Amino acid sequence: MLTLYGTDVTSRLLLGTARYPSPAILAEAVRQSATEIVTVSLRRETSGGSSGGAFFEMNRALGVHVLPNTAGCHGVAEAVLTAKMAREVFGTNWIKLEVIGNHDTLQPDVFGLVEAARILVDEGFEVFPYTTDDLVVAERLLDVGCKVLMPWCAPIGSAAGPLNPTALRAMRAHFPDVPLIVDAGIGRPSHAVTVMELGFDAVLLNTAVAGAGDPVAMASAFSRATDAGRQAYGAGMLEPRDMAVPSTPVIGKAVFA
């Protein structure tokens, strides 16, 4: 069971809802993923005109928790305003906070992120900040009231997988009691297994499923991969060794002269 701001969920896969070939495929992908939380970009969907309302209603009909996000925001004021609009539309205090600082890498502006998080927490929001794997930034986000952290493992949409496992491992060790959700950069189910084996609590992905040849099948694959990684972490995995260790005991074996 994963608890996020007092809400318990059993699935450790969060799914984005952008760029699917059709609403029907999106809905089926959500079902096959067994996710209980989907993210929705208010800016992207409302920019589609009258179709935005129908899109929001479809997400409500899926029977999952909606996590609105501030995707596309490049400044504090813009992100805060978008978050407030999302709260009115979806009736939730949850917000996935993105404040983008670089157009090419889509890396978060961590200074603006901390400031926006402080403002939104003071306004009663429950903030899920999209951040880097920097421990100091993570500390600042917790200091202003965030109770969940969402570090990237690679740039958004890159499908590169975990580029710095050492940093991710350090973050898990440094914040043992904070829910950590890897957000951005996961491209394959094996990437999800890897970060879940590091002890992360969940993964959030979009492009890896929406951009697949068969999004529904890929959603199912990611669901199983996430579960497998979590189960392996909980079971206690063997650490790599620099020498061979026989699986068959050598003590007590028969000796033939």
Side-chain angles (χ1 to χ4, degrees), residues 2-7 9 14 16-18 37-46 65-103 105-157 164 167-168 170-185 195 200-206:
L2 175 60
T3 302
L4 302 170
Y5 288 106
T7 297
V9 293
L14 287 68
T17 56
I37 300 174
V38 298
T39 64
V40 179
S41 169
L42 182 72
R43 288 170 59 92
R44 289 199 184 108
E45 299 310 326
T46 54
H65 298 284
V66 174
L67 174 60
N69 67 48
T70 62
C73 293
H74 288 76
V76 172
E78 186 181 19
V80 169
L81 177 59
T82 301
K84 291 179 178 180
M85 293 171 61
R87 180 159 63 179
E88 291 184 9
V89 171
F90 293 106
T92 178
N93 287 324
W94 281 11
I95 191 72
K96 181 193 167 192
L97 180 61
E98 297 182 26
V99 182
I100 301 302
N102 184 282
H103 290 277
T105 66
L106 301 180
Q107 180 169 330
D109 170 0
V110 295
F111 305 102
L113 179 67
V114 172
E115 177 61 16
R118 182 190 63 77
I119 294 170
L120 291 174
V121 169
D122 288 346
E123 293 275 351
F125 282 88
E126 295 171 327
V127 179
F128 295 67
Y130 162 60
T131 184
T132 64
D133 53 21
D134 186 284
L135 297 182
V136 177
V137 175
E139 290 277 14
R140 297 295 182 270
L141 289 167
L142 295 175
D143 288 344
V144 300
C146 297
K147 300 185 184 302
V148 176
L149 298 173
M150 303 184 75
W152 70 350
C153 73
I156 293 174
N164 194 345
L168 293 175
M171 178 169 274
R172 178 70 286 175
H174 198 72
F175 303 107
D177 301 319
V178 177
L180 300 179
I181 303 171
V182 170
D183 176 20
V195 298
F200 281 79
D201 296 286
V203 296
L204 191 160
L205 50 95
N206 187 161

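For clarity, every value in this text was computed on a predicted model and none was experimentally measured. In this chain, numbering begins with 1 at the start of the sequence shown.
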**Prompt:** Got Glu88 and Met85 here, is their nearest side-chain heavy-atom distance under 4.5 Å?
**Reply:** no

**Item:** Partner set under side chain to side chain donor-acceptor pair (under 3.5 Å) for Asn93, not counting sequence neighbours
**Value:** Arg87

**Asked** Taking C-beta and beyond as the side chain, do Val182 and Leu180 meet within less than 4.5 Å on heavy atoms?
**Response** no

**Prompt:** Do Trp94 and Thr7 come within less than 4.5 Å of each other through their side chains, counting heavy atoms only?
**Reply:** yes

**Prompt:** Does Pro179 reach the side chain of Leu4, with side-chain heavy atoms less than 4.5 Å apart?
**Reply:** yes

**Fill in**
Distance col, row Asn164:CG vs Trp152:CH2, nearest 0.5 angstrom, shows 10.5 Å

**Prompt:** Can you tell me how far the CE atom of Met150 sits from the OG1 atom of Thr132, to the nearest 0.5 Å?
**Reply:** 14.0 Å

**Asked** Can you name the closest pair of heavy atoms from Gly185 and Cys153 and give their distance?
**Response** C-SG, 3.9 Å

**Message:** So, taking the atom named CD1 in Ile119 and the one named CG in Asp122, what distance separates them when rounded to the nearest 0.5 Å?
**Reply:** 8.0 Å

**Fill in**
Interatomic distance, OG1@Thr39 vs CG@Asp183, rounded to 0.5 Å, equals 8.0 Å

**Message:** A side-chain contact here means heavy atoms from C-beta on lying under 4.5 Å apart; do Val40 and Leu67 qualify?
**Reply:** no

**Asked** Nearest heavy-atom pair of Asn102 and Thr105: which atoms, and what distance?
**Response** OD1-N, 2.8 Å

**Complete:** Closest non-hydrogen atoms of Val144 and Ala117, given as atom of the first, atom of the second and distance, are CG2-CB, 4.0 Å

**Message:** Test salt bridge (Lys or Arg N to Asp or Glu O under 4.0 Å) on Lys147 and Glu126; report intermediate values, then the result.
**Reply:** CA-CA 8 Å; Lys147 300 185 184 302; Glu126 295 171 327; over 6 Å; no

**Asked** Please walk me through it: do Asp201 and Arg172 pass salt bridge (Lys or Arg N to Asp or Glu O under 4.0 Å)?
**Response** CA-CA 9 Å; Asp201 296 286; Arg172 178 70 286 175; 2.8 Å; yes

**Message:** For Thr70 and Tyr130: C-alpha separation, side-chain torsions, deciding distance, then whether side chain to side chain contact (heavy atoms under 4.5 Å, CB included) applies.
**Reply:** CA-CA 10 Å; Thr70 62; Tyr130 162 60; over 6 Å; no

**Prompt:** When you look at Ile156 and Glu98, which way does the side chain to side chain contact (heavy atoms under 4.5 Å, CB included) test go after all the steps?
**Reply:** CA-CA 11 Å; Ile156 293 174; Glu98 297 182 26; 4.3 Å; yes

**Request:** State, yes or no, whether a side-chain contact exists between Leu141 and Leu113 at a heavy-atom distance under 4.5 Å.
**Result:** yes

**Request:** Would you indicate whether the side-chain heavy atoms of Leu120 and Val80 approach each other to under 4.5 Å?
**Result:** yes

**Prompt:** side chain to side chain contact (heavy atoms under 4.5 Å, CB included) between Phe111 and Val137: does it pass, once the steps are laid out?
**Reply:** CA-CA 8 Å; Phe111 305 102; Val137 175; over 6 Å; no

**Complete:** Rounding to 0.5 Å, atoms CE (Met171) and CG (Leu135) come to a distance of 5.5 Å

**Message:** Go through it in stages, so that I can follow the logic: the residues are Cys146 and Val127, the test is side chain to side chain contact (heavy atoms under 4.5 Å, CB included), and I'd like the CA-CA distance, side-chain angles, deciding distance and then a yes or no.
**Reply:** CA-CA 6 Å; Cys146 297; Val127 179; 4.0 Å; yes

**Asked** Closest approach of Gly112 and Val76, non-hydrogen atoms and distance?
**Response** O-CG2, 3.4 Å

**Asked** Just how far is it from atom CD of Glu139 to atom CZ of Phe175, taken to the nearest 0.5 Å?
**Response** 4.0 Å

**Asked** So, does Glu78 use its side chain to make a donor-acceptor pair with the main chain of His74 at under 3.5 Å?
**Response** yes

**Prompt:** Just wondering, do Pro68 and Thr92 contact through their side chains at under 4.5 Å, heavy atoms?
**Reply:** yes

**Message:** Quick check on Tyr5: does its OH atom have over 12 non-hydrogen neighbours (other residues, nucleotides or ligands) under 6.0 Å away?
**Reply:** yes

**Request:** Not counting sequence neighbours, which residues clear ring-ring contact (aromatic ring centres under 6.0 Å, His included) with His174? List them please.
**Result:** none

**Complete:** Nearest heavy-atom contact between Ala202 and Leu14 is CB-CD1, 3.9 Å

